[in-house]
**Student:** 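Let me give you the structure first, and then I'll get to my questions.
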Amino acid sequence: MQNKLTYKPFGQKAILIEWNPKISKTILEDILLFQSKIKKEKNADIADFIVAYNSLTIVYKKDFINFDAQVNSLKKIHQLEIKLRKKQHYIWEIPVCYDVIFGIDLQEMSKKLDLEISEIIQLHTATLYKIYFIGFLPGFLYLGGLHKKLFIDRKANPRLKVAKGSVAIGGKQTGIYPTETAGGWQLIGNSPVLFFDISKENPCFANSGDFIKFTPVSLSEYHQIVKDIKEKKYIISKTLYND
Amino acid sequence: MIKVLKAGFYTTIQDKGRVGFAKIGVPFSGVMDTYSTDIANSILNNNLEDAVLEISFSNCEFKFLVATNICISGANFSPKINGNTIKLNQKIKINKNDVLSFGKVLFGARTYVAVAKGLQSHLVLNSRSMFSGITNSSTLKNGDKIVIKNLDNQLNFSNSSIKVDKNHFMFNNLECLKGPEFYLLSENQKEQLLTTHFSLSMDINRMGFRLNEVLENNLKSIITSAVLPGTVQLTPSGKLIVLMRDCQVTGGYPRVLQLTESAINRLSQKTVNNRVHFLLKKR
């Protein structure tokens, strides 16, 4: 089914394009395809794109003079049958240590959800999570696919300090805190992998449309990976996703 | 080199910010009041993108270790060179070892120091704008040194200045456009939003300004979507947040208004308890 798109002005130099208000992989693929087409057609006028679950925001370098004309040209681009090489998506394997020294909310969650801690870990690591987009903080991935049994309310009182690398669940979402920050999600583990490394030319390895797979590691393996990252010997394992 | 003798409470280096990194969640950042920095950079014949000092509270002191020209623009924090008052919006010649200091706040909330050829601090993701986790430090600290160009041999000195529009600091109306979720408001809520003179709370910083007055509503959160500097969000508690230059790239609160660029600049010069009024611009 073809998605019906709406185009709204978002201030004087941005256009918000919205898909159906749903979170779905099909919508995301359509957003990313449209973005690639626009990039190919008229890159010079555009300063930036913001991808989200069901929207694509185009930020122009200058105020647009005629919104309707701008929208018409975008509509034409959307309908173009451009042969684009299908963007390759990767599955990134992310080590997570679910030891209770990191998973400080595991015991409470275990009671509330009526699941053994081992079952929580099993459910959390069994899923292939889709990266919808990156926002909230530099390197914070919005992931889709959390198992229903793991849905849990955010903490009534957010913590003032959540450690960098914390793997957490909040509502129907799971994510990794890329830096130390305040946060209200339930903490279940920690990943030694750097999700935002400003020393690298590309500070965040992941892209919208890629996948994340969590792999449990022991505390000693965790410390070994921390050491390897420091010595720049660690490479995140990735495989090509075939659909 | 400029040596920071007293950094003050919140002084940063800013240029026009980072563009092209929203896809990895990096905020745009950049100077809060581009109207004022464009004036300062123009007076010095700089590029408008050149980096400047952004000073949000007075009580700062800087020592110039080389000769240069500077221009102060934006708020008036009674700038002085070696204790002698200097004018705003005018090219000022600086000799080696001159000390620039700020005193009494006369008007505005942010003052800018532009330096000939711009501040030469490290570029990170194509920008010098300070931001926690991106640049080494999120604000300047006492003792920091900032690289600038030495202009010792360029003695030609013209007295250029620009007349500044005082309304930029005096007026409290903020020109804006309907935000993507404006249509979700009832007629009554729209009227309230556009007629209330809102006051700025204590919670104002480079990420956003929270307003005090409440706009009662039962709007649902939206599916997380883009936000921009100048986006006015309506929270379930009824408090409004005007997002500013360091805001996140996405958010989940309904976006009821979008400030124009000049309104963002004007709001940047307001402080706690100042009142503002949203004025819907006709397209």
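Just so it is clear: chains get the letters A, B, ... in the order the sequence lines come, proteins before strands, and each one is counted from 1.
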**Student:** When you compare the side chain of A:D48 with that of B:F21, does any pair of heavy atoms fall below 4.5 Å?
**Tutor:**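 They are not in side-chain contact.
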**Student:** Is the number of heavy atoms from other residues, nucleotides or ligands within 6.0 Å of NZ (B:K220) greater than 12?
**Tutor:**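 No - once you tally the heavy atoms of other residues, nucleotides and ligands closer than 6.0 Å, there are 12 at most.
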**Student:** Side chains of B:L125 and A:I198: closer than 4.5 Å at any heavy-atom pair?
**Tutor:**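 B:L125 reaches A:I198 side chain to side chain.
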**Student:** Would you mind reporting whether B:Y183 and A:K8 have side-chain heavy atoms less than 4.5 Å apart?
**Tutor:**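 Counting from C-beta outward, A:K8 and B:Y183 do come under 4.5 Å.
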**Student:** Between A:I134 and B:V249, is any pair of side-chain heavy atoms under 4.5 Å apart?
**Tutor:**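 Result no, sub-4.5 Å side-chain heavy-atom pair not found.
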**Student:** Which one, A:L56, A:L137, A:N202, leads in non-hydrogen pairs under 4.5 Å with chain B?
**Tutor:**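 So the answer, after comparing A:L56, A:L137, A:N202, is A:L137.
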**Student:** Take atom CZ of A:F151 as the centre, draw a 6.0 Å sphere, and report whether it contains more than 12 heavy atoms from other residues, nucleotides or ligands.
**Tutor:**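 Enclosed.
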**Student:** Given heavy-atom pairs under 4.5 angstrom as the criterion, report whether the side chain, backbone, both or neither of B:S132 touches chain A.
**Tutor:**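 Neither the backbone nor the side chain of B:S132 comes within 4.5 Å of chain A.
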**Student:** Out of curiosity, B:T250 OG1 to A:F140 CZ, how far, rounded to the nearest 0.5 Å?
**Tutor:**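 That separation rounds to 9.0 Å.
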**Student:** Within a 6.0 Å radius of atom CZ on B:F9, are there more than 12 heavy atoms belonging to other residues, nucleotides or ligands?
**Tutor:**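 At most 12 heavy atoms, drawn from other residues, nucleotides or ligands, come within 6.0 Å of this atom.
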**Student:** Measure the spacing between CG of A:L16 and CD of B:E181 and express it to the nearest 0.5 Å.
**Tutor:**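 Going from CG on A:L16 over to CD on B:E181, the span is 7.5 Å.
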**Student:** Measuring only between side-chain heavy atoms, which start at C-beta, is B:L177 closer than 4.5 Å to A:F10?
**Tutor:**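 No, their side chains stay 4.5 Å or more apart.
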**Student:** For the residue pair A:P138 and B:P27, establish whether any side-chain heavy-atom pair is separated by less than 4.5 Å.
**Tutor:**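 They are in contact (side-chain heavy atoms under 4.5 Å apart), so the answer is yes.
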**Student:** May I ask you to check whether over 12 heavy atoms, not counting those of B:K190, lie within 6.0 Å of atom NZ?
**Tutor:**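 Counting neighbours around NZ of B:K190, more than 12 heavy atoms of other residues, nucleotides or ligands fall under 6.0 Å, so yes.
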**Student:** Please determine whether a side-chain nitrogen of the Lys or Arg among B:R255 and A:E18 lies less than 4.0 Å from a carboxylate oxygen of the Asp or Glu.
**Tutor:**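 Answer for the salt bridge query: yes.
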**Student:** Does NZ belonging to B:K141 count more than 12 external heavy atoms closer than 6.0 Å?
**Tutor:**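 Atom NZ in B:K141 is packed in, count exceeds 12.
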**Student:** For the residue pair B:V19 and A:A47, what are the closest heavy atoms and their distance?
**Tutor:**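 Taking every non-hydrogen atom into account, CG1-O, 3.2 Å.
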**Student:** Does any backbone or side-chain atom of A:F195 lie under 4.5 Å from a heavy atom of chain B? Answer side chain, backbone, both or neither.
**Tutor:**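 Neither part; nothing is under 4.5 Å.
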**Student:** Should A:P203 and B:I24 count as side-chain neighbours, where that means a heavy-atom distance under 4.5 Å?
**Tutor:**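 Heavy-atom side-chain distance check passes, below 4.5 Å.
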**Student:** Can you find a heavy atom in the side chain of A:F133 that is under 4.5 Å from one in the side chain of B:K23?
**Tutor:**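 No; the side chains remain at least 4.5 Å from each other.
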**Student:** In Å and rounded to the nearest 0.5 Å, what is the CG to OG1 distance from B:L228 to A:T57?
**Tutor:**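 If I round to the nearest 0.5 Å, the distance is 6.5 Å.
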**Student:** Once rounded to the nearest 0.5 Å, what's the spacing between atom OG of B:S262 and atom CD of A:Q12?
**Tutor:**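 Reported value, rounded in 0.5 Å steps: 7.0 Å.
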**Student:** Atom CD1 of B:I223 and atom OH of A:Y132: how far apart are they, to the nearest 0.5 Å?
**Tutor:**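 Reported to 0.5 Å precision, the distance equals 10.5 Å.
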**Student:** What is the minimum heavy-atom distance between B:S225 and A:A52, and which atoms define it?
**Tutor:**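 The answer is CA-CB, 3.6 Å.
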